[in-house]
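Every chain is numbered from 1 and lettered A, B, ... according to where its sequence line falls, protein lines coming before strand lines.
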There are 2 protein chains.
Amino acid sequence: MEMKSVIRSLRILEAVAQHQPVTVGELAKLYDIPKSTVQRTLVTLHEAGWLRASRGDTTRWEIGARVLTVRPAALQGASLFAAAREPMVRLRDALNETIHLSVPDGLDCMVVVDRVDCDRTVRTFHQIGDTSPLHATATGQVVLAHLTTAEVEEFIAAGLESYGEATITDPAELRAELQRVRREGYALNRNQYRPDVAAIAAPILDADDTPLAALAVSMPDSRYEPDRLPELGRLVAETATEITTRRLG
Amino acid sequence: MEMKSVIRSLRILEAVAQHQPVTVGELAKLYDIPKSTVQRTLVTLHEAGWLRASRGDTTRWEIGARVLTVRPAALQGASLFAAAREPMVRLRDALNETIHLSVPDGLDCMVVVDRVDCDRTVRTFHQIGDTSPLHATATGQVVLAHLTTAEVEEFIAAGLESYGEATITDPAELRAELQRVRREGYALNRNQYRPDVAAIAAPILDADDTPLAALAVSMPDSRYEPDRLPELGRLVAETATEITTRRLG
DNA sequence: GCACGCCATTCCACAATGTGGCACGGAGTT
DNA sequence: AACTCCGTGCCACATTGTGGAATGGCGTGC
């Protein structure tokens with residue numbers, strides 16, 4: 001609506017992040033923006049310290065270290081990371097499956113902020129920085145389950161996009177699922193967002209019970225054993241609770 | 001020089017990061033920018049998904065989780081912060097001096113990205129986001145010491161600016177110093193950049209041994225005891241190594 | 001209960017600012 | 001030598017951002 005140059009510059013910044021190291025021409029083609037405009041924007045972002053130019057035969061651009069100084073408050077002082085790291089490693093060791101930690105970006109999406117890998121040949125792969133929708137992932141559902149009814153309804157009103165057969169797109173079904181999550185203390189996702197991926201998540205709460213993050217174990221769906229769900233759910237939930245208390249203690 | 005609105009918007013973004021959660025008025029006063037301009041910028045950054053508004057009695061702005069999707073290529077995959085935090089706290093507890101973590105921005109500068117303060121009355125003070133030259137700081141020297149000869153020569157060719165009597169400005173002297181750093185595993189800086197500041201740093205390396213970051217303990221020069229250098233150096237180097245292995249494990 | 005101060009938010013006339021088609025010089029290819 | 005692709009620089013134009021002033025809500029003190 002306003003400040004188009006700023007919005008476009010941030011788009012270009014995100015584009016550089018996804019394709020780094022990238023050249024002016026590539027960006028111009030990819031996003032169909034005049035080359036001179038891309039060029040000017042890159043130079044400006046460089047001036048501001050957000051981009052670095054790696055000069056070889058052709059100039060390639062990449063994200064500079066400055067962005068690391070800009071972090072959400074919840075992650076500053078990194079008390080979340082510090083509290084989460086050790087329990088996450090223990091959970092990985094107990095299950096030998098990939099563990100990850102995600103935080104909500106408002107109602108927009110979940111963002112993966114840390115992970116501990118297992119050593120299996122076949123395993124799920126989540127990059128730090130990956131985003132996913134709230135209603136179609138175990139981590140997102142756990143967050144939704146601890147928001148106010150008003151917030152959940154606002155989220156539902158924005159529409160429940162489908163990512164395959166298993167995605168919950170019916171508002172009533174989602175409300176019922178969230179209630180189940182609240183009762184059980186964990187969420188289960190089988191193939192709702194990505195095919196062949198199963199995940200179990202539990203919430204990490206702030207002092208006022210708002211959901212700060214979600215802890216999840218994820219695995220290929222082929223390795224998911226329904227019989228073990230209560231055991232896994234309890235384990236993930238206990239670990240998440242431990243992180244919550246560690247962080248506040 | 002150009003795209004002033006973009007540069008100003010990024011300044012405001014960084015300002016929010018440092019003062020979050022913050023109001024329109026506070027930002028306008030702090031940076032002496034008209035309130036309406038700050039307002040417009042915040043709304044725009046919000047539209048772009050980079051800021052979140054936490055509405056209470058007055059609207060407060062904070063950094064959204066989206067920024068976490070934008071990071072330097074070298075740090076993609078596993079979180080540096082998560083791995084570093086706990087060892088940093090332990091090092092602070094052991095020494096009761098300020099610990100900080102810096103990341104190189106190419107050959108341009110080091111950027112402070114995290115810190116753990118000590119509780120002494122007199123202590124060094126590094127803001128997150130502060131930058132410093134590679135050749136005149138302990139953190140920068142450990143990074144230089146783990147780059148290729150070609151890169152180091154490129155850096156030297158760009159000129160070694162002086163920041164006082166203690167700054168190493170002679171290329172030969174710098175090369176010798178870097179060799180010493182490689183041998184010992186840590187760098188010592190006394191007053192080379194800022195007067196009356198002593199710091200000891202060690203490298204955090206990636207899987208291919210490129211330097212990702214540097215861990216440092218810094219103190220007023222008056223508190224530096226030459227006798228303890230081997231002990232401190234070893235401690236910092238061990239902690240840095242621990243972060244390296246944690247990050248990769 | 002009225003006046004005041006502080007707040008976030010909106011408006012709008014003005015001109016500063018960003019735009020993008022075009023052109024340039026260099027490097028690699030035909 | 002002709003061509004193409006690259007990153008970069010230029011500049012007339014009008015779109016875009018600017019910021020002082022106005023609005024309306026809220027809490028405080030007189």
Side-chain angles (χ1 to χ4, degrees), chain A residues 1-64 73 106 150-151 154, chain B residues 1-64 73 105-108 154 158:
Chain A
M1 205 65 98
E2 31 189 12
M3 308 208 73
K4 297 196 209 275
S5 63
V6 172
I7 289 191
R8 182 149 61 171
S9 297
L10 292 175
R11 285 262 157 72
I12 290 180
L13 186 65
E14 288 170 14
V16 172
Q18 277 169 31
H19 300 282
Q20 60 186 319
V22 73
T23 67
V24 179
E26 287 165 6
L27 286 172
K29 248 177 230 155
L30 269 166
Y31 294 83
D32 201 34
I33 302 175
K35 224 172 25 165
S36 55
T37 302
V38 174
Q39 165 78 358
R40 190 167 356 96
T41 306
L42 290 176
V43 170
T44 302
L45 291 172
H46 176 65
E47 254 177 47
W50 286 62
L51 289 184
R52 306 197 307 114
S54 73
R55 299 181 173 274
D57 43 345
T58 70
T59 314
R60 295 198 157 264
W61 298 87
E62 51 193 41
I63 302 294
E151 285 169 312
E154 181 190 337
Chain B
M1 205 65 99
E2 32 189 10
M3 307 209 73
K4 295 195 210 282
S5 63
V6 172
I7 290 190
R8 183 150 59 170
S9 297
L10 292 175
R11 285 259 158 73
I12 290 179
L13 186 65
E14 287 170 16
V16 171
Q18 277 171 30
H19 301 282
Q20 60 186 318
V22 73
T23 66
V24 177
E26 286 165 6
L27 286 173
K29 249 177 227 153
L30 270 166
Y31 294 83
D32 201 35
I33 301 175
K35 219 170 29 163
S36 54
T37 302
V38 173
Q39 167 78 0
R40 190 166 356 96
T41 306
L42 291 176
V43 169
T44 302
L45 291 172
H46 176 65
E47 253 176 50
W50 287 63
L51 290 185
R52 306 198 313 114
S54 72
R55 299 180 172 271
D57 43 345
T58 70
T59 314
R60 294 197 158 265
W61 298 87
E62 52 194 39
I63 303 293
D105 194 9
L107 296 175
D108 294 344
E154 181 191 337

Distance alone, cut at 3.5 Å: any donor-acceptor contact between the side chains of Ser5(A) and Ser5(B)?
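Distance-only check passes for Ser5(A) and Ser5(B).
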Nearest-Å distance for atom pair [atom1]/[atom2], residues [X] and [N]:
| X | N | atom1 | atom2 | value |
| --- | --- | --- | --- | --- |
| Leu10(B) | dG17(D) | CG | P | 14 Å |
| Met3(B) | dG20(C) | CE | P | 10 Å |
| Tyr31(B) | dT18(D) | OH | C1' | 21 Å |
| Lys29(A) | dG20(C) | NZ | P | 18 Å |

By nearest heavy atom, map Gly25(A) and Val6(A) onto DNA chain D; which one lands nearer the 5' end?
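Of the two residues, Gly25(A) wins.
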Can you tell me how far the [atom1] atom of [X] sits from the [atom2] atom of [Y], to the nearest 0.5 Å?
| X | Y | atom1 | atom2 | result |
| --- | --- | --- | --- | --- |
| Leu42(B) | Ile12(B) | CG | CD1 | 6.0 Å |
| Arg40(B) | Leu45(B) | CZ | CG | 12.0 Å |
| Glu47(B) | Met3(A) | CD | CE | 10.5 Å |
| His46(B) | Glu62(B) | NE2 | CD | 11.5 Å |

[X] vs [N]: side-chain N/O to OP1/OP2 distance below 4.0 Å:
| X | N | value |
| --- | --- | --- |
| Arg8(B) | dG19(D) | yes |
| Thr59(A) | dT8(D) | yes |
| Thr23(A) | dG7(D) | yes |
| Arg40(B) | dG17(D) | no |
| Gln39(A) | dG7(D) | no |

Mind checking whether Trp50(A) and Leu13(A) have side chains closer than 4.5 Å, heavy atoms only?
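A side-chain contact exists here, since the closest heavy-atom pair is under 4.5 Å.
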For a quick check, tell me whether the side chain of Ser36(B) and the base of dG20(D) share a donor-acceptor pair closer than 3.5 Å.
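Donor-acceptor pair under 3.5 Å: yes.
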Check nucleotides 23-27 of chain C for protein N or O atoms closer than 3.5 Å to its own N or O atoms and list the pairs.
none

Dump the intermediate steps for salt bridge (Lys or Arg N to Asp or Glu O under 4.0 Å) on Arg52(A) and Asp105(B), then the final yes or no.
CA-CA 7 Å; Arg52(A) 306 197 307 114; Asp105(B) 194 9; 3.6 Å; yes
Roughly how many Å apart are dA16(C) and dC12(C), using the C1' atom of each and rounding to a whole number?
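So the two C1' atoms sit 16 Å from each other.
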Applying a 4.0 Å non-hydrogen cut-off, can you work out what Ser5(B) is touching in the nucleic acid: base, sugar-phosphate, or nothing?
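If one applies the 4.0 Å heavy-atom cut-off, Ser5(B) turns out to touch the sugar-phosphate alone, with no base involved.
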